[in-house]
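Step one of this worksheet: look at the structure below.
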Amino acid sequence: MTKHIHVSVAWPYANGDLHVGHLAGAYLPADIFARYHRLKGNRVLMVSGSDSHGTPISVEADKRGVPAREIFEHYHERFLLTQQKIGISYDLFTHTDTENHHKVAQDIFLLLLERGYLYKETQQLLYSEIEKRFLPDRYVEGECYICGYPDARGDQCDNCGNLLEATKLINPRSKNHPEEHLIVREAEHYFLDLAQFSDQLLAYLESHQANWRQNVVRFSQNFIQEGLRGRPITRDIDWGVPVPLEGWDEKRLYVWFEAVMGYLTASIEWAHNTGDPDAWKAWWYNPDAEVYNFIGKDNIPFHTIIWQAELMGIDGIYNQQEGNYNGCHIQLPYNVPANEFMNIEGKQFSKSRNWAIWVPDILERYQPDAVRYYIISTFPETHDSDFSWDGFLNRVNNELLAAWGNLVNRMLSFAYKRFDGKVPAYDALTYADVQIINRVELGFGEVGNLIEQVRLREALQTAMALVREANYYLDVRKPWHTIKDDPEDAARAVYTILKVIDNLKTILAPFLPFSSQQVHEYLGYNGQIFGDIQIEEFEETTRSHKALTYDSAPAVGLWLKSSLLPGQPLREPKALYQKLEPEIVERERSFLGAPRDEHAIVP
RNA sequence: GGCGACGUAGCUCAGCGGUAAGAGCGAUUCACUCAUAAUGAAUAGGUCAUAGGUUCAAAUCCUAUCGUCGCCA
């Protein structure tokens with residue numbers, strides 16, 4: 001039965017390049033999951049986009065003295081190119097500064113207001129006369145009211161570590177204009193009344209306890225039990241989605257409130273782009289659809305609590321008219337498989353100290369599947385993990401290349417050279433031949449189950465164990481030996497191993513899409529296992545934007561056993577993976593913590 | 001300060017109450033030569049952070065301590 005699977009992926013702030021933590025936390029898991037379900041024949045909608053708003057972008061813009069729009073457009077463009085290169089197969093990767101996102105976000109705001117889930121409250125905030133605006137906490141410094149440290153930040157003191165309230169700082173001053181003494185002014189803001197959803201949220205968590213990751217459930221329950229307080233959803237800034245009310249022109253929706261809506265707004269945009277504006281409802285209002293949120297652990301409360309509350313509050317939105325799903329409730333996430341963090345050489349990622357591995361940089365030097373393989377094999381699914389360069393070297397050379405790449409290379413070139421460039425014909429198969437084929441065919445179920453449970457590291461390990469069994473089989477059957485005096489038997493073994501490789505290519509395809517495609521071609525098949533990841537431009541009324549899209553038309557891949565035909569012409573194989581030199585470890589380490597030049601990304 | 005997670009072979013990790021603690025990589029030895037010296041087999045390697053406790057039975061549950069990290073104040 002065809003299922004509708006929605007893959008929602010965390011939205012990166014467009015204030016810097018993607019680093020391996022992004023891949024490990026959300027994008028690669030989501031991509032593997034989406035590719036698998038597409039091979040299964042399920043209807044997948046995988047969406048995400050750049051978070052165009054938010055203070056980090058304004059901070060970066062101020063630092064460089066350029067408008068916020070320039071920063072987000074620059075990094076949005078780089079996100080598109082980077083993810084295309086590493087093969088993250090979004091149906092739509094858009095951004096939050098589209099007319100569509102603004103409109104849907106404003107509609108959501110108004111609906112929540114109408115239904116009584118928002119309330120107004122007056123806040124005390126620091127105001128700058130020079131800049132004529134209220135200052136976000138990150139723009140404020142002053143003396144810590146707990147320890148007396150003179151250079152405490154608006155939100156936290158670096159000396160005593162306490163979180164601070166900016167308005168309580170002694171002699172608060174603006175970062176941009178340190179000579180100005182800031183004053184406290186009152187400002188009116190809207191708040192999301194989360195407490196109204198407490199019981200509903202707890203019940204929702206309860207009902208998913210069995211299939212969710214333990215840490216996600218516990219963390220969320222804890223968060224709710226500590227008491228949900230209202231959270232401000234508007235701010236006195238000029239970069240963001242305008243508040244759609246008379247007299248509120250100076251204010252914007254708070255980014256945390258508006259960005260998570262992207263899962264819904266991007267689905268709506270996708271439907272619009274495909275020419276069937278209601279198509280998104282097959283996921284969002286279909287009771288049989290499953291929605292998965294792929295995020296990092298820092299995002300857990302926003303997805304298991306705030307976004308859920310927003311969804312509960314807007315149930316029925318855009319679903320009043322007659323249609324297939326009229327009367328159905330909006331779909332809450334079926335699972336939120338949050339990953340933990342990936343550290344770098346034992347230390348935590350830090351943008352400011354450049355303790356980071358930037359994805360566009362490593363893609364200049366390494367194959368996308370090599371990067372994918374290493375990161376998947378160290379996915380932080382149960383706790384924080386570590387990216388180390390000698391780990392990368394070892395995993396790529398000793399596992400990916402030695403076991404899988406070499407298996408493909410040794411047998412495809414053997415078949416190509418010794419069997420006239422064709423899949424050998426055989427009379428009958430031996431017991432050992434049938435055994436290995438059966439063993440590997442079981443892998444479709446084993447690996448598939450693990451992927452469905454989002455245990456992706458284990459899924460890859462299980463697939464690699466099958467690769468090792470295939471190598472063992474060859475050691476027993478030795479076609480390079482039997483071909484000398486029993487070519488019939490060599491033909492049986494070579495046919496068998498090609499069929500095994502054909503199966504393994506499919507099982508590995510969600511993880512290693514680029515090399516699986518190569519194997520597919522070496523085996524003599526035409527067509528693509530997966531569709532194409534494209535960059536498209538979309539026009540709206542007043543502006544246009546670029547986005548990643550997925551064209552499934554050319555895809556022929558299916559999560560099915562090989563039915564390789566004897567006599568099928570092979571193509572001359574080349575090595576799948578480049579062997580890495582031990583020198584790379586020291587070289588790559590030397591980039592950590594050193595100043596970085598941002599290079600243009602070559603597609 | 002409160003809450004929570006984690007600490008298992010040289011490395012990366014699995015196991016989370018029940019046969020004598022597992023995998024991959026690395027190491028050693030042997031076999032093989034189709035292959036990017038890749039592959040296969042065998043062997044070595046652990047007082048499961050420390051100290052108490054519960055239990056017929058604990059890496060697995062409880063308490064404390066030490067260390068690492070996260071969230072909240």
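Quick note on labels: first sequence line is chain A, next is B, and so on, each numbered from 1.
Considering all non-hydrogen atoms of both residues, A:Leu311 and A:Pro333 come closest at CD1-CD, 4.3 Å. The nearest pair of heavy atoms linking A:Leu466 to A:Gly443 is CD1-CA, 3.7 Å. Between A:Arg439 and A:Glu446 the shortest heavy-atom distance is NH2-OE1, 3.5 Å. Taking both residues in full, the closest heavy atoms of A:Leu498 and A:Met411 are given as CD2-O, 4.3 Å, listed atom of the first, atom of the second, then distance.
Inter-residue side-chain proximity for A:Phe341 and A:Phe349 is flagged as unmet; no heavy-atom pair is nearer than 4.5 Å.
Ring-centre distance between A:Tyr204 and A:Trp307: not below the 6.0 Å cut-off. Centroid-to-centroid, the aromatic rings of A:Phe419 and A:Tyr495 stay 6.0 Å apart or farther.
Put simply, CZ on A:Arg468 is 18 Å from C1' on B:A35, counting in whole angstrom units. Here B:A35 presents its P atom at 14 Å from CG of A:Leu407, a figure rounded to the nearest Å. Spacing between atom CD1 of A:Ile224 and atom P of B:C72 amounts to 15 Å, rounded to whole angstrom units. With rounding to whole Å, A:Leu460 atom CG is found 14 Å from B:C25 atom C1'. Put simply, CG on A:Asn409 is 13 Å from P on B:A38, counting in whole angstrom units. Across the protein-nucleic acid pair, A:Tyr473 atom OH and B:C34 atom C1' stand 14 Å apart, rounded to whole Å. For A:Leu400 and B:A38, the CG to C1' distance is 13 Å, given to the nearest whole Å. Remark: P of B:C25 and OH of A:Tyr374 are 16 Å apart, rounded to the nearest angstrom.
Side-chain polar atoms of A:Ser562 and A:Asn503 form no donor-acceptor pair below 3.5 angstrom. Looking at A:Asn397 and A:Tyr577, their side chains never bring a donor and an acceptor atom within 3.5 Å of each other. For the residue pair A:Tyr373 / A:Glu399, a side-chain donor-acceptor distance below 3.5 Å is found, with atom types taken as modelled.
For the P atoms, the distance linking B:C6 with B:C62 amounts to 10 Å, nearest Å. The gap from the C1' atom of B:A38 to that of B:A59 amounts to 37 Å, rounded to the nearest Å. Nucleotides B:C25 and B:A42 place their P atoms 13 Å apart, quoted to the nearest Å. Rounded to whole Å, the separation between the P atoms of B:A5 and B:U65 comes to 16 Å. Going from the P atom of B:G46 to that of B:C32 covers 32 Å, rounded to whole Å. Taking the P atoms as reference points, B:G24 lies 25 Å from B:G17, given to the whole Å. On the C1' atoms, B:U68 is 29 Å away from B:A27, given to the nearest whole Å. To the nearest whole angstrom, the two C1' atoms, one in B:U54 and one in B:C61, are 8 Å apart.
A salt bridge does not link A:Asp502 with A:Lys499: every distance from a Lys NZ or Arg NE/NH1/NH2 to an Asp or Glu carboxylate oxygen is 4.0 Å or more.
Within the nucleic acid shown, A:Met464 has no heavy atom closer than 4.0 Å to any nucleic acid atom. A:Ala575 comes within 4.0 angstrom of a base, heavy atoms only. When heavy atoms are screened at a 4.0 angstrom cut-off, A:Ile300 is found touching no nucleic acid atom at all. The residue A:Phe341 sits apart from the nucleic acid: no heavy atom pair falls under 4.0 Å.
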Produce the list of close N/O pairs, under 3.5 Å, pairing protein atoms with atoms of nucleotides 65-67 of chain B; give distances to one decimal.
none

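Qualifying ring-ring contact (aromatic ring centres under 6.0 Å, His included) partners for A:Tyr374, counting only residues two or more places apart in sequence or in other chains: A:Phe387, A:Phe392. For A:Asp427, the salt bridge (Lys or Arg N to Asp or Glu O under 4.0 Å) test picks out A:Arg492, with sequence neighbours left out.
Of the residues near RNA chain B, A:Asn398 and A:Tyr577, the one whose nearest nucleotide (by heavy atom distance) lies more toward the 5' end is A:Asn398.
Distances were taken from every side-chain heavy atom of A:Arg229 (C-beta onward) to each of B:C34, B:U39, B:C72; the shortest belongs to B:C72.
Between A:Tyr366 and A:Trp389, the ring planes lie tilted relative to each other; the angle falls in the 30° to 60° range. Note on ring orientation: taking the six-membered ring where Trp is involved, the planes of A:Tyr263 and A:Trp11 are perpendicular (angle over 60°, cut-offs 30° and 60°).
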Checklist entry - Once each nucleotide of nucleotides 27-32 of chain B is scored for protein heavy atoms under 4.0 Å, what B/S/- sequence comes out, 5' to 3'? => result -----S
Checklist entry - What is the per-nucleotide protein-contact pattern of nucleotides 7-15 of chain B, from the 5' end, where B denotes a base atom under 4.0 Å from a protein heavy atom, S denotes such proximity for sugar-phosphate atoms only, and - denotes neither? => result -----SSS-
Item to check | Watson-Crick and G-U pairing of RNA chain B written in dot-bracket, each distance under 3.5 angstrom, with | for inter-strand partners | outcome: ((((((((.[[[[.)..(...]]]].(((((.......))))).....[[[[[..)....]]]]]))))))).
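A:Arg418 CZ: 12 or fewer foreign heavy atoms inside a 6.0 Å radius.
An OP1 or OP2 oxygen of B:A37 is reached within less than 4.0 angstrom by no side-chain nitrogen or oxygen of A:Lys579.
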